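Structure, as structure tokens:
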2 protein chains.
Amino acid sequence: MFPPLRVEPTYRKLSLAIETRILERTLRDGEPLPTEAELSTQFGVHRSTVREALRELESVGLVTRRRGTKRLVVTRPGAARIADTVGRALSLEDVTVLEVWESLHLVAPAAAANGARRRTAADLAAIEAAYHRFTDDSADTNRALIHMLAFFRAVTRTSGNRVLMLTLEPLLKLMEPTLAQMVAGVPQARTRITTAQRRILEALTARDSEAARTWMSRYLRDFRRGYELANISLDQRVAWRSSTR
Amino acid sequence: MFPPLRVEPTYRKLSLAIETRILERTLRDGEPLPTEAELSTQFGVHRSTVREALRELESVGLVTRRRGTKRLVVTRPGAARIADTVGRALSLEDVTVLEVWESLHLVAPAAAANGARRRTAADLAAIEAAYHRFTDDSADTNRALIHMLAFFRAVTRTSGNRVLMLTLEPLLKLMEPTLAQMVAGVPQARTRITTAQRRILEALTARDSEAARTWMSRYLRDFRRGYELANISLDQRVAWRSSTR
DNA sequence: CAAGGCGCTATCGTCCGACAATCCGTCTGA
DNA sequence: TCAGACGGATTGTCGGACGATAGCGCCTTG
């Protein structure tokens with residue numbers, strides 16, 4: 001009895017070979033990939049085959065083309081790409097706003113609580129910057145939203161945990177549309193957001209872990225209230241628009 | 001002053017067009033994609049170009065080929081694929097075992113606490129099954145590990161939150177190697193795991209949210225102790241082996 | 001000597017066409 | 001009715017071609 005042997009097409013073997021090199025750091029971040037022609041001779045396959053392999057690597061973000069450039073360079077799939085991938089998957093699963101909100105409500109307060117202990121002065125400065133950008137420039141909903149997300153990111157960064165940062169990213173992206181609706185539709189939202197952010201900032205400054213957790217939690221609960229006020233159903237599926245990247 | 005206009009290559013436009021159809025459910029899960037030739041005539045481009053687009057879709061898991069079959073079918077990128085993508089990204093960021101552990105320690109207890117309220121009888125049965133499989137079949141480290149992961153998944157499923165489930169997946173995958181090391185290296189690990197799992201199961205049965213959280217938390221803290229006993233540094237980078245899928 | 005313009009070459013994007021392997025549906029014969 | 005043979009359809013890979021343009025060195029000009 002033999003195990004079912006898998007024959008993988010050449011393009012997959014190629015992309016795997018290159019991926020391996022990247023993962024083992026033989027090909028390093030920022031380094032340009034060899035030419036298609038070169039790869040094709042090195043591997044002894046046709047250029048079309050190489051190109052198919054490259055498309056695979058490109059679409060998972062292991063190689064990218066800098067704007068207006070020809071050569072592919074090795075990259076690490078950044079937060080944006082992950083958010084894209086995960087977001088798309090979640091939206092295809094018909095995940096609801098509630099589920100995303102719950103997850104955010106789980107991650108962010110914990111991150112804040114952690115961060116209260118570890119936060120550095122630089123972290124604090126970043127949060128403060130985001131906070132002020134929000135207070136100073138929140139007339140336009142879109143800009144307000146950008147600053148809100150920045151605040152979340154800055155707070156989460158204090159946790160010093162890159163896994164959390166990465167986890168957060170798709171959540172924010174998925175919340176974005178409804179959040180925008182909410183901010184646009186609820187007059188008092190901006191004030192409440194400002195208050196909550198200030199409290200969180202204060203808690204982090206004071207290294208008060210519990211206060212940080214609590215205020216972040218309240219902040220998010222406020223979102224929920226905002227949703228109700230703006231008549232946004234939490235049971236609706238998350239929106240998703242394919243980003244061109 | 002004009003915005004910098006992006007010209008996207010044809011293969012990207014193609015893959016985006018198809019992706020859009022999938023996301024808007026015009027092409028549904030399980031449905032076979034048109035033939036390469038057909039796509040090529042429909043879009044009015046050469047088959048090579050179509051193939052490059054297909055590779056993109058394939059590598060993000062929006063289309064897959066069932067084993068031993070030729071035609072591509074539309075699929076949703078499942079948990080495994082997401083775990084793969086996120087895991088790879090995290091490992092490229094040189095994330096440490098500690099960070100992953102922390103994240104797990106954040107997600108799982110919360111999921112358990114949530115689950116204690118929502119869990120159904122079926123959920124419970126699934127957990128119990130995983131629990132018994134572990135007690136009955138944990139001699140081999142690998143099998144023990146599989147059952148442990150199944151337990152985590154079953155518990156997290158009780159939360160009824162697919163975002164959490166998806167979030168959990170890469171964490172488990174990243175923990176796997178060190179976890180195996182730990183289970184193999186610490187004699188008393190199996191007993192302690194059994195105990196913790198039983199307590200968690202009991203808490204969920206009793207719908208005791210706080211007990212569920214606490215025991216899941218202890219369970220994970222035990223992992224940490226186990227790591228120390230097995231002399232596994234939490235500061236080491238997570239391991240990653242490219243899975244062929 | 002520095003900055004900007006010019007042209008060449010390498011490289012990418014796309015196409016045409018071909019052919020073997022093999023999957024799939026159909027037809028045949030027992 | 002079912003196993004197996006058969007042929008068409010589809011994918012994987014290849015060889016080659018050609019236009020567009022990014023990259024780079026060279027040259028001019030101030």
Side-chain angles (χ1 to χ4, degrees), chain A residues 2-19 21-22 27-75 244-245, chain B residues 2-19 21-22 27 30-75 244-245:
Chain A
F2 293 100
L5 67 88
R6 313 175 65 128
V7 253
E8 302 228 62
T10 310
Y11 60 78
R12 179 163 300 290
K13 287 188 201 147
L14 271 201
S15 74
L16 220 96
I18 299 174
E19 177 182 328
R21 294 297 180 87
I22 296 176
L27 284 169
R28 287 198 217 124
D29 193 13
E31 207 168 324
L33 221 53
T35 299
E36 291 178 1
E38 202 163 326
L39 288 171
S40 117
T41 62
Q42 277 187 33
F43 285 106
V45 300
H46 193 259
R47 190 160 76 96
S48 312
T49 308
V50 170
R51 283 176 64 81
E52 293 190 31
L54 292 182
R55 290 300 84 76
E56 297 214 356
L57 296 174
E58 204 183 2
S59 72
V60 296
L62 284 174
V63 304
T64 36
R65 198 184 321 287
R66 302 225 176 90
R67 200 173 75 56
T69 198
K70 208 162 253 203
R71 210 64 173 282
L72 286 170
V73 299
V74 175
T75 43
T244 303
R245 282 171 236 136
Chain B
F2 293 101
L5 67 90
R6 326 175 52 137
V7 251
E8 301 230 62
T10 310
Y11 60 78
R12 178 161 300 291
K13 285 188 203 147
L14 272 200
S15 74
L16 220 99
I18 300 175
E19 177 183 330
R21 293 297 178 86
I22 296 175
L27 284 169
E31 207 168 324
L33 221 54
T35 302
E36 291 179 1
E38 201 163 327
L39 288 172
S40 118
T41 61
Q42 277 187 33
F43 284 105
V45 299
H46 193 259
R47 191 159 75 96
S48 313
T49 307
V50 170
R51 283 177 64 81
E52 293 191 32
L54 292 182
R55 290 300 86 75
E56 297 213 354
L57 296 174
E58 204 181 1
S59 73
V60 295
L62 283 174
V63 304
T64 37
R65 198 182 322 285
R66 300 227 175 89
R67 199 172 77 56
T69 197
K70 211 161 249 204
R71 211 63 174 282
L72 286 170
V73 299
V74 175
T75 43
T244 302
R245 282 172 233 134

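Residue numbers begin at 1 in each chain, while the letters A, B, ... track the order of the sequences. None of the values given here were measured: they were computed from a predicted structure.
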Counting C-beta onward and ignoring hydrogens, is there a side-chain heavy-atom pair between [X] and [Y] closer than 4.5 Å?
| X | Y | value |
| --- | --- | --- |
| B:L39 | B:L14 | no |
| A:V73 | A:T64 | yes |
| A:T75 | A:D29 | yes |

Minimum-distance pair of heavy atoms, taken over all atoms of B:I18 and B:L57: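 For B:I18 versus B:L57, the nearest heavy atoms are CG2-CD1, 3.5 Å.
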Restricting to side-chain hydrogen bond (donor to acceptor under 3.5 Å, both in side chains), what partner residues turn up for A:T35, sequence neighbours left out?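 For A:T35, no residue satisfies side-chain hydrogen bond (donor to acceptor under 3.5 Å, both in side chains) once neighbours in sequence are set aside.
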What residues, two or more places apart in sequence or in another chain, satisfy side-chain hydrogen bond (donor to acceptor under 3.5 Å, both in side chains) together with B:T49?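 Per chain and number, B:T49 pairs via side-chain hydrogen bond (donor to acceptor under 3.5 Å, both in side chains) with no residue.
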Identify the 5'-most and 3'-most nucleotides of DNA chain C with at least one atom closer than 4.0 Å to a non-hydrogen atom of chain A.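 Taking any atom under 4.0 Å from a heavy atom of chain A, the span is C:dT11 to C:dT14.
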Does one side chain, of A:S48 or B:S48, offer a donor that lies under 3.5 Å from an acceptor on the other?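 Side-chain D/A pair, A:S48 to B:S48: absent.
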5' to 3', nucleotides 3-16 of chain D under a 4.0 Å protein heavy-atom cut-off (B base, S sugar-phosphate only, - none) gives -------BBBBBBB
With sequence neighbours excluded, residues passing side-chain contact (heavy atoms from CB on, under 4.5 Å) with B:T69: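 B:T69 satisfies side-chain contact (heavy atoms from CB on, under 4.5 Å) with B:R65, B:R66 only.
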Roughly what angle, to 10°, lies between the helix axis at the start of the helix from C:dC1-D:dG30 to C:dA30-D:dT1 and the one at its end, five pairs per end?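 Both end axes considered, the difference amounts to 10°.
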Does B:R55 come within less than 4.0 Å of B:E58, counting only side-chain N to carboxylate O?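 Looking at B:R55 and B:E58, the cut-off is met.
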Distance, nearest 0.5 Å, that separates CZ of A:R51 from CZ of B:R51: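 With rounding to 0.5 Å, CZ (A:R51) is 13.0 Å from CZ (B:R51).
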